Amino acid sequence: MGILEVKGVNKRFGGLQALGDVNLSVAENSVHAIIGPNGAGKSTLLNCLVGMLIPDSGSVTFQGESVLGRNPHEINQMGISRVFQTPEIFGDLSVIENVMIPCFAKRDGAFELNAWGAVRGQADIRDTAEQILIDVNMQDKRHINAASLSRGDKRRLEMAMCLVQQPKLLLLDEPTAGMARADTNNTIDLLKEIHDSRDITMAIIEHDMHVVFSLAERITVLAQGSPLVEETPENIKGHPKVREAYLGEAQV
Amino acid sequence: MDQFILQVLNGLDKGSAYALIALGLTLIFGTLGVVNFAHGALFMLGAFCAVTLSRILTLSHTVIDESKKDFLGNPLKVEVPYIQDWFGQAAGQTIIDWAVPLSILFAIPIMILIGVVMERGLIKHFYKRPHADQILVTFGLAIVIQEIVKYYFGANQIPTPAPEAFIGSFDFGALIGREPGAIIYPYWRIVYFLFSALLIAAVFAFLQFTTFGMVVRAGMADRETVGLLGINIDRRFTIMFGIAAAVAGLAGVMYTPINSPNYHMGMDFLVISFVVVVVGGMGSLGGAVLAGFVLGILESFASLQAVIEALPGINQVVIYLVAIIILLTRPRGLLGRKGVMED
Amino acid sequence: MFGLDKKDTGLLLIVAALVAFAPILLNPFPENSALAQFNAGYPDLMQRFVIFGIFAIGFNILFGLTGYLSFGHAAFLGVGSYAGVWMLKLLTINVIPAIIMSTLVAGLFSILIGYISLRRSGIYFSILTLAFAQMSFALAASVLTPITGGETGLQTGLNDPRIFPEFLGGGATSGGNIPAPELFGLEMRASYELSVGGWLWTFNAGYYVCAIIMLVAFYVAIRIFRSPFGMMLRAVKSNQRRLNYTGLNTKPYMLACFVISGMYAGLAGGLMVSMDPLAGAERMQWTASGEVVLMTILGGVGTLIGPVLGAGMIKYFENIFSKINDNLLHQWFAFMPDGLEDFMVAVIHPFIGKGWHLTLGLLFMLVVIFLPGGLVEGGQRIGGLFKRKKKNTTTDTQSTAAN
Ligand SMILES: Nc1ncnc2c1ncn2[C@@H]1O[C@H](COP(=O)(O)OP(=O)(O)OP(=O)(O)O)[C@@H](O)[C@H]1O
Ligand SMILES: [Mg+2]
C-alpha cells in the first residue's frame with residue numbers, strides 16, 4: 001500500500017480523454033518519476049491530485065484518506081506540496097517573504113488571524129526561511145522582488161517554498177525545465193539530499209532523462225492519458241514498448 | 001394581462017438603452033480588453049449632440065414685425081431662426097421640429113471622431129495596464145467630460161422634444177383586439193425601440209458579414225494569433241472604438257425626448273449598464289443585449305403597484321438584486337465565455 | 001516603539017505631530033490677508049480631513065493590500081452613520097456609544113456583504129459590492145424611511161427618548177435646545193480660539209477627538225500592514241492561486257480584511273454624526289464610494305500614508321477651490337495688463353468655484369497616467385532626484401580624490 005494510491009482515474013475535456021483509467025501507486029519514501037510525451041496527461045494527473053481538477057471517476061487516496069472533493073489548501077495541509085510547470089510564486093513579494101508564507105501555513109494552519117504581531121518578530125519563521133534559502137543557494141537574493149528573478153531562480157524559489165513545508169509528498173512538474181546544465185545538476189543534488197535526509201516522498205514529472213535516471217526509483221510511463229508500464233529505471237531503458245512510445249522521440 | 005403587456009412594452013425603451021450601452025461596453029471590452037467607465041459619458045455626449053443641433057437650428061436674429069403690435073402699440077420684435085430665412089417659414093419650422101432625428105446624421109461623425117480621439121489619445125496607453133488602472137483613468141475622464149458639459153450647458157435638464165408627428169400615444173390595446181385605451185404606448189418609445197433594434201441588428205450584421213467584422217471577432221477570441229497573421233488589428237480596434245462610441249451616442253440622441261438630458265445622465269446609465277454587461281456575461285455581445293432587455297423589462301414589472309405593495313422598495317433594487325443572484329448562481333453571467341476577466 | 005520598527009515609528013510620530021498642530025499649520029496666512037482663502041484650519045474642514053482619512057485608510061487595507069476594488073464602501077459609512085445617530089437619539093448624547101456602535105454595526109453589515117461578494121473576484125467583485133451599496137442607498141432613501149429618515153435624513157431631535165440622558169457626563173436637554181453631541185460634558189463643537197498677531201487659530205474639541213481616533217486607526221493599520229495577516233493579504237493580491245496551494249484558505253483572510261475595512265468605514269461614519277448629528281442616504285451613493293477610491297489612488301495605493309494624504313488633498317480642493325471666484329482671480333491678476341488679466345481669469349474660470357470637479361477629474365487622470373503610485377510615489381521621485389544628486393557629488397569628489 002503506497003502513500004499515494006490512484007485508482008481508475010478518468011478525466012475528459014470535451015471530446016479529449018486526458019486521463020483514461022490511470023492506476024498509480026507511489027511507495028512511501030520513494031522517488032517516483034512520471035514520464036511521457038507532451039500532452040500525455042502528466043500535468044492533468046497532478047491537477048487531479050492537488051484539488052485543481054476533480055476526476056470524472058476513480059479514486060485518489062493519500063495515506064488512506066481520499067483527497068477528492070477537498071479544497072487545494074486542505075490537500076496541502078494533509079502534506080502534499082506541488083511545484084508547478086510554470087512557476088507560481090508571489091511576484092510582488094520579496095524572495096524571503098515568498099518562503100516565509102509557506103512556513104506560516106505549516107506552523108499556523110490554513111487560517112490564523114494574526115494581525116497584530118509583526119512579521120519581523122517571528123524569529124523561528126525567519127530562521128527556517130533563511131535556512132532553506134541557503135539550501136537552495138539563494139540567500140544573497142533574499143530581498144529581491146520575486147518577479148525580477150530569472151526563470152531558473154523562480155523555479156528554485158518555488159521548490160524552496162514547497163520544501164520548507166517539509167511535505168510528506170512533493171509533486172514536481174518539470175522542476176529543471178529552463179535551467180542551465182549546472183543548475184540542473186545542483187537541483188538533482190539538492191533533491192537527492194533532501195530525499196535522503198528528510199523522508200520526503202517525491203513524484204516527479206520530467207522530460208530530461210538525465211534527471212529521471214539520476215533520481216527515480218520507479219518510473220511510470222504515461223501515453224495518451226493511460227499508463228503504459230511501471231518499472232524500475234533499469235528495466236525501463238530496455239523496454240520495447242517504451243522505446244516505441246517515448247524514448248525514440250526523446251533521443252536518450 | 002393588459003398590465004402585463006403594458007409593462008413589457010414599458011420595459012422595452014429602457015431596456016433598449018441599457019442594451020445599446022452594454023453592447024458598446026462589451027465591444028470595447030471584447031476587442032480592446034479595456035473596461036471603459038467613460039462609456040456612459042459617450043451616451044450623454046450623444047444626447048447633447050441633439051441638444052446642440054437643436055440650438056444651432058434655432059439660432060435666431062431679431063426682426064421687427066410691423067404687423068403685430070405690443071400693448072403700447074409699438075411694433076413687436078420677434079426672433080426668427082436663420083433657418084426659416086433660408087428655407088422659408090414652413091420648411092424651416094419642420095426642420096427645427098425634426099431636430100432630434102436629424103441629430104443622428106450630425107452625431108455619427110462627431111461621436112466616431114470623439115471615440116477615435118479618445119482611443120488614440122488615452123485608452124491606447126492603457127492596454128497593458130491593470131484593469132483597475134483602466135477603470136480609474138476612464139472614470140476620471142468621465143468626470144472631466146461630464147464637468148465640461150455641465151460648464152457649457154448648465155446643471156438643469158434640457159427638454160428636447162420629439163417631432164410633432166410622434167407626440168401622442170398609440171393604442172396598442174385596440175390593435176391586438178383588447179379594450180381600446182387599455183394599453184397605450186407613446187409613439188416615440190416605439191420609434192426608440194425600433195431604432196435600437198435596427199442598430200443592434202446592424203452591429204451584429206456588420207460583425208457577422210463583413211471581413212472587417214470577421215477579423216474583429218477573431219481578434220476578440222484570440223488577439224495574439226490574429227496579430228501574428230500580419231493583420232493590423234490595432235487600427236481595426238481603433239475603428240471599433242469609434243463605432244462603439246457612435247452606438248452609445250446614437251442611443252443618447254434618440255433618448256432625449258424620453259428623458260430630458262442632463263450632465264449626469266451618463267453616470268446614471270453607466271452604473272446600471274455595467275451591471276447589465278456583467279449579468280450578460282463579460283465579453284458576450286448577445287449576452288449584453290439579452291441582459292439589457294431582461295433587466296429593463298424586469299425593472300418595469302417591479303414598478304407595478306401590486307408588486308410594490310407586496311415587496312416595498314423592490315422597484316428601486318430589482319436590477320441589483322437580479323444581478324447578485326445571477327452572479328452567484330451563474331458565475332459567468334447569462335452567456336459569458338470561460339476565462340474572461342476571471343483573475 | 002509601540003511594537004513598530006524605527007521607520008514606522010518615525011512615520012507615526014510625524015503624522016501625530018502634523019495632526020496635533022494642524023490648526024496652526026493649516027492656517028499659514030494671517031486672517032486678513034488676501035491669501036486667507038487658502039487657510040484650511042477651520043474645525044469642520046479639519047474634522048473632515050481626519051474622518052475621511054480614516055475612511056481611506058480602511059479602504060486601503062482592502063484595496064491596497066489585496067487588490068480587491070470595492071465600489072460600495074460608502075454603504076458601510078452610511079450604515080455606521082445611521083447607527084451612530086440612533087445611539088445619540090436613544091441612548092445618550094455622549095459620542096462614545098455612538099462611535100462604538102457605528103463600528104460594530106458596519107462590521108456586521110460587512111460580514112453579510114463580504115460573505116456574498118467575496119465569492120467572486122476581479123470586476124465581478126466590484127460589481128457585486130456596487131450592487132449591494134446601490135441597493136442600500138435606494139432602500140435607505142425609500143422604504144426604510146422609518147429607520148433612516150428617508151431623503152431628509154436622520155437627525156437628533158428635541159424629543160428623543162434617551163434612556164440615559166446624563167450617561168457618562170452627557171447633558172440632558174438643555175434649555176429647550178436640541179443637545180449637541182459631547183464627550184463627558186465637553187461639547188464637540190466647543191472651540192478655543194487663539195489670536196496671535198494677525199493669525200487666528202481655532203482649537204476644536206471635536207477635531208481633537210477625531211484626530212486621536214485617526215491616529216489610533218493609523219497605528220492599527222501599520223500593525224496590520226506589518227503583520228503576518230497583512231503579508232497574506234499582499235500574497236492574495238500577488239498570486240491567490242499559489243496561496244491556496246500553499247495550504248492557506250484565502251476566504252477567511254479576505255473576509256476578515258473586508259470586515260476590518262468595513263469597520264473603518266463605519267467608524268468614520270460614526271465620527272461624522274458625532275460632529276454633526278445628521279445622516280442622509282446620499283452618503284451611501286456610489287459617487288461617495290468613488291470618492292474614497294479617488295482619495296486612495298491619489299495618495300498612493302498600498303502605502304501607509306497615501307490614503308491620508310489623498311483624503312486631505314481632495315477635501316482641501318473641494319473646500320478651498322470651490323470657494324475661489326472670479327473677483328478673487330481679478331484681484332490676483334490685477335498686476336497684469338487688463339487684457340491679459342481678463343484672459344487669465346477666463347482661462348482659469350472653468351476650473352474653480354463650481355468647476356472644482358473638473359480640476360479633480362483632470363488631476364485624477366494625470367495621477368493615474370503619470371504617477372500610478374500617487375502622491376507618495378511623486379514624493380519618492382522628488383526625494384530620489386535629490387539623493388541621486390548627492391550621490392553624483394560624492395562620486396565626483398571620489399574621482400577627483402583618485403586623480
Ligand atoms: N483545463 C483543460 N481544458 C481542456 N483541455 C485540457 C485542460 N488541461 C489540459 N488539457 C489537455 O489535456 C491534454 C493533457 O495535458 P497535460 O497538460 O496534462 O499534458 P502533459 O503531459 O503535462 O504535457 P507537457 O509535457 O506538455 O506538459 C492536452 O491535450 C491538453 O491540451
Ligand atoms: Mg505538463
Side-chain angles (χ1 to χ4, degrees), chain A residues 46-47 49-52 71-84 86-94 96-122 125-126 145-147 154 157-158 161-162 164-165 167 171, chain C residues 1-9 12 58 61-62 64-67 119 216-217 219-261 263-264 301-304 373:
Chain A
L46 289 204
N47 289 347
L49 306 184
V50 296
M52 187 184 269
N71 288 321
H73 69 265
E74 292 168 336
I75 295 175
N76 176 282
Q77 290 286 349
M78 289 168 80
I80 303 181
S81 288
R82 172 176 182 185
V83 175
F84 285 83
T86 43
E88 294 270 355
I89 53 174
F90 304 110
D92 303 334
L93 273 55
S94 69
I96 183 91
E97 284 175 323
N98 267 275
V99 280
M100 284 169 87
I101 287 175
C103 296
F104 277 112
K106 172 87 181 163
R107 191 190 72 182
D108 300 338
F111 174 67
E112 163 95 13
L113 185 61
N114 185 356
W116 201 246
V119 171
R120 79 197 148 77
Q122 316 275 333
I125 299 268
R126 181 162 290 268
N145 249 20
K154 281 181 182 161
L157 174 60
E158 195 184 3
M161 291 163 71
C162 290
V164 80
Q165 291 195 307
L171 305 172
Chain C
M1 215 192 321
F2 312 121
L4 302 182
D5 67 11
K6 233 164 95 193
K7 220 171 114 201
D8 292 336
T9 313
L12 183 64
I61 291 178
L62 178 67
L65 287 178
T66 70
R119 296 170 62 158
V216 174
Y219 170 66
V220 172
I222 300 181
R223 301 263 340 202
I224 292 177
F225 267 62
R226 303 291 179 238
S227 70
F229 175 66
M231 190 163 84
M232 297 306 169
L233 297 178
R234 283 188 294 130
V236 168
K237 181 178 186 176
S238 186
N239 189 345
Q240 184 158 358
R241 171 145 67 141
R242 185 16 111 190
L243 205 57
N244 277 322
Y245 290 100
T246 304
L248 289 154
N249 188 358
T250 48
K251 278 193 183 131
Y253 279 104
M254 282 307 304
L255 187 60
C257 174
F258 192 84
V259 172
I260 291 173
S261 176
M263 287 171 79
Y264 268 76
V301 185
T303 63
L304 282 165

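Computed from a prediction, not measured in an experiment: that's the story for all the values here. In the text below, chain A, chain B and the rest are named by the order of the sequence lines, each starting its count at 1.
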Count the heavy-atom pairs under 4.5 Å between each of [options] and chain C, then report the option with the highest count.
options: A:P72, A:A105, A:A115; answer: A:A115
options: A:M78, A:E74, A:Q77, A:E97; answer: A:E97
options: A:Q122, A:M161, A:R120; answer: A:R120

Quick check on [X] against chain A: is it the side chain, the backbone, both or neither that has a heavy atom closer than 4.5 Å?
X: C:L243; result: both
X: C:A256; result: side chain
X: C:R241; result: side chain

Region of A:N114 in contact with chain C, defined by heavy-atom distances below 4.5 Å: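 Looking at A:N114, backbone and side chain both touch chain C.
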
Residue A:I89 versus chain C: region with a heavy atom under 4.5 Å: backbone

Please determine, among C:R234, C:K251, C:R242, the option with the most heavy-atom pairs under 4.5 Å with chain A.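 Sorted descending by pairs with chain A, the first entry is C:R242.
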
Can A:F104 and C:M231 be said to form a side chain to side chain contact (heavy atoms under 4.5 Å, CB included), step by step? CA-CA 10 Å; A:F104 277 112; C:M231 190 163 84; 3.5 Å; yes

Gap separating the [atom1] atom of [X] from the [atom2] atom of [Y], nearest 0.5 angstrom:
X: A:L93; Y: A:M100; atom1: CG; atom2: CE; result: 10.5 Å
X: C:K237; Y: C:L65; atom1: NZ; atom2: CG; result: 8.0 Å
X: A:E112; Y: C:L248; atom1: CD; atom2: CG; result: 10.5 Å

Does the Lys NZ or Arg CZ of A:R82 fall within the cation-pi geometry relative to A:F84 - under 6.0 Å from the ring centre and within 45° of the axis? yes

How about A:Q165 and A:N76: do any of their side-chain heavy atoms sit closer than 4.5 Å? yes

Heavy-atom closest pair (A:V164 atom, A:V99 atom, distance to 0.1 Å) is CG1-O, 3.8 Å

